[in-house]
Amino acid sequence: MKTYIDTGKKDTRSGFGAGLTELGKSNENVVALCADLTGSLKMDEFKANHPERFFQVGIAEANMIGMAAGMTIGGKIPFTGTFANFSTGRVYDQIRQSVAYSDKNVKICASHAGITLGEDGATHQILEDIGLMKMLPGMTVINTCDYNQTKAATIAIAKHEGPVYLRFGRPKVANFTPENGTFEIGKAVNLQDGSDVTIIATGHLVWEALEAAKTLNDAGISAAVINIHTIKPLDANAIIKSVKNTGCVVTAEEHNYLGGLGESVSRILAENHPAPQEFVATKDTFGESGTPEQLMDKYGLNAAAIVKAAKKVVARK
Amino acid sequence: MANIQKLEALVTQVRRDILRQVHKVNSGHPGGSLGCAEFFVALYQEIMERKDGFDMNGKGEDLFFLSNGHISPVFYSVLARSGYFPVEELSTFRLLNSRLQGHPTTHEGLPGIRMASGSLGQGISVAIGAAEAKKLNKDNHTVYALCGDGELQEGQNWEAIMYAAGNKVDNLIVSIDLNGQQIDGSTENVLPMGNIKAKFEAFGWDVVSIAKGNDMQSILDGMATAKSKSGNGKPVCVLLHTIMGNGVDFMMHTHAWHGKAPNDDQLAQGLAQNAETLGDY
């Protein structure tokens, strides 16, 4: 098995902030808009470096999305920043009409996604955003797994022409992908080879999947681990190739199992190579207050839950 | 000096285009379209500085955003007759595979359209974004937008109105089509909006009123006043008092023709009141 080293826990939102800072220096067309959450989104440095390219819109997310769409006319590359809930559900129609249908080059950057937002509770913990965004024609949907990958993705999406939803989170998590690594939109990353089960994970669940693979290996189950950072467009070939080898799959995500990564994987497999699948995801429920660790445990979103799901799906083959 | 007669001849032809577009497909929004025919002609023929051809970024020229996208028939007619696409294409309005969708969209690549609109309340925000981009690009041109009055019931407008004043977006001129009508009745009956002029002023905008929004000279004078007020630290609002259905007697002063097409007889009546001037498509 390959070994992955946690180089020190960091939050993915800081990866976004670091990427945005680099973009500010390298691309003068990059502008940033924020709805009163500059510190939470780690946009302070960009704001300090480029005050003329930073737009504080106040607590007015709908206007922020519309403004971002308008700023593309004239060649700007707007990055909007707020929590995932206010980046998607609150402004769905603005994104649908002014960004997606109008094919505008807006980067919707969403922090505090999922249940690991923690103590603020369900009003702020969106578990439906991947589904909302992947249903929009033309929208690219990315959910990064650690600081390094979030930084790389932030830089990469500026070069991609078209609307992007970039999802990341609040808590400090293992940082294990290469520093200054390349980020290829739509390309899955094979983290572990395995022959008994394929674990397909996204976001914070990728590290948990690697931990699960170690436990499974000790129990005599060989698990492949794929990091799907791009949920749309989905790397179908990587999924089919692995599942043809293993014969079953566990999908793992910090999102509702309705509308998330798991359902996208199910469709790919149903069309190409039907196989038993288990879903590590929230099961059509809202979250609640608690620490991130408590919540991931209660809602079955950690390495232990992945191990359990893997054993179950292997038995179904 | 604008040739008013020439502009009015175009207005008459635009009215015919509007009626014929909606009649053919028995759908669309003639009332608001007719009410804004003079404004669109003035905007595209006299007021805006436009470059030949169309490119999405619109650098070095004035821009226009239609927020109340349902008055697409007047937008399409004036765009076509201003050279953005062939006038004959108006015959494809709302048909399958057309670039002239029910509501305007960039999706089919129709020249002249920079943003989809139809779901209401989004245009001012978009126009602000385009205006901010112009400032960043040191492009000293103006961004225009048009909204319906009923559309101001959408909350996003007020986020945008607050932003534009607070951030001195003064290369922006937003016109409000004050025809006092919306689908379910008069704006007074559906949801009274109070004193719109006072509201804009309270938010920090300069407001210009055009009392006769269907009179070409009044529009040209009012928009010139609006332009003269721009660049002074405040966004500018133009209250354009129009008559819904203007130019077709039985469609005037009522919300009944907001989203209803004329039948064959009604079309004939409407066309008889607006004799062909520049040639039908």
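Computed from a predicted model, the values in this text were never measured in an experiment. Proteins come first, then strands; the chains are lettered A, B, ... in the order of their sequence lines, and each starts at number 1.
Contacts from residues 106-132 of chain A to chain B, taken as heavy-atom pairs separated by less than 4.5 Å, involve no residues at all. Identified by a heavy-atom distance below 4.5 Å to chain B, the contributing residues of residues 47-67 of chain A are A:Glu52, A:Arg53, A:Phe55, A:Gln56, A:Val57, A:Ala60, A:Glu61, A:Ala62, A:Asn63, A:Gly66, A:Met67, in residue-number order. Residues of residues 14-31 of chain A lying under 4.5 angstrom from chain B, judged on non-hydrogen atoms, are A:Val31 by number.
Each of B:Met115, B:His103, B:Gln122 was checked for a side-chain contact (heavy atoms from CB on, under 4.5 Å) with A:Gln97, and the lone residue meeting it is B:Gln122.
Annotation for B:Asn137 and A:Gly74: closest pair ND2-O, 2.9 Å, computed over non-hydrogen atoms. Looking at every heavy atom in both residues, B:Leu63 comes nearest to A:Ile73 through CD1-CG2, 4.0 Å. Among all heavy-atom pairs drawn from B:Ala116 and A:Ser102, the shortest one is N-OG, 2.8 Å.
Shown here is B:Arg99, whose CZ atom has more than 12 heavy atoms of other residues, nucleotides or ligands within 6.0 Å. Crowding of B:Lys135 atom NZ: a count of heavy atoms from other residues, nucleotides or ligands under 6.0 Å exceeding 12. Within 6.0 Å of NZ in B:Lys51 there are more than 12 heavy atoms belonging to other residues, nucleotides or ligands. With a 6.0 Å radius and a threshold of 12 heavy atoms from other residues, nucleotides or ligands, B:Arg50 has its CZ atom above the threshold. At most 12 non-hydrogen atoms from other residues, nucleotides or ligands lie less than 6.0 angstrom from CD1 of B:Ile183. Summarising the local packing, NZ of B:Lys229 is surrounded by 12 or fewer heavy atoms from other residues, nucleotides or ligands at distances under 6.0 Å. Heavy atoms from other residues, nucleotides or ligands lying under 6.0 Å from CG of B:Asn140 number 12 at most.
Between chain A and the options B:Val143, B:Thr106, B:Asn167, B:Ile124, the largest number of non-hydrogen pairs under 4.5 Å is found for B:Thr106. Taking B:Asn157, B:Ile113, B:Thr105, B:Ile128 one by one and counting their heavy-atom pairs under 4.5 Å with chain A, the maximum is reached by B:Thr105. With chain A as partner, the option from B:Ala127, B:Ser117, B:Gly118 having the largest number of non-hydrogen pairs under 4.5 angstrom is B:Ser117.
The structure places CD of A:Gln94 at 7.5 Å from OG of B:Ser125, a figure rounded to the nearest 0.5 Å. Between the NZ atom of A:Lys104 and the CZ atom of B:Arg114 there is a distance of 8.5 Å, given to the nearest 0.5 Å.
Of the two parts of B:Lys59, only the side chain, counted from C-beta on, holds a non-hydrogen atom closer than 4.5 Å to a non-hydrogen atom of chain A. Residue contact with chain B, scored on non-hydrogen atoms closer than 4.5 Å, is absent for A:Ala68.
Side-chain contact between B:Gln156 and A:Val91: absent, with no pair of heavy atoms (C-beta onward) separated by less than 4.5 Å.
By the ring-ring contact (aromatic ring centres under 6.0 Å, His included) test, B:Phe40 pairs with B:Phe64, B:Phe75, sequence neighbours left out.
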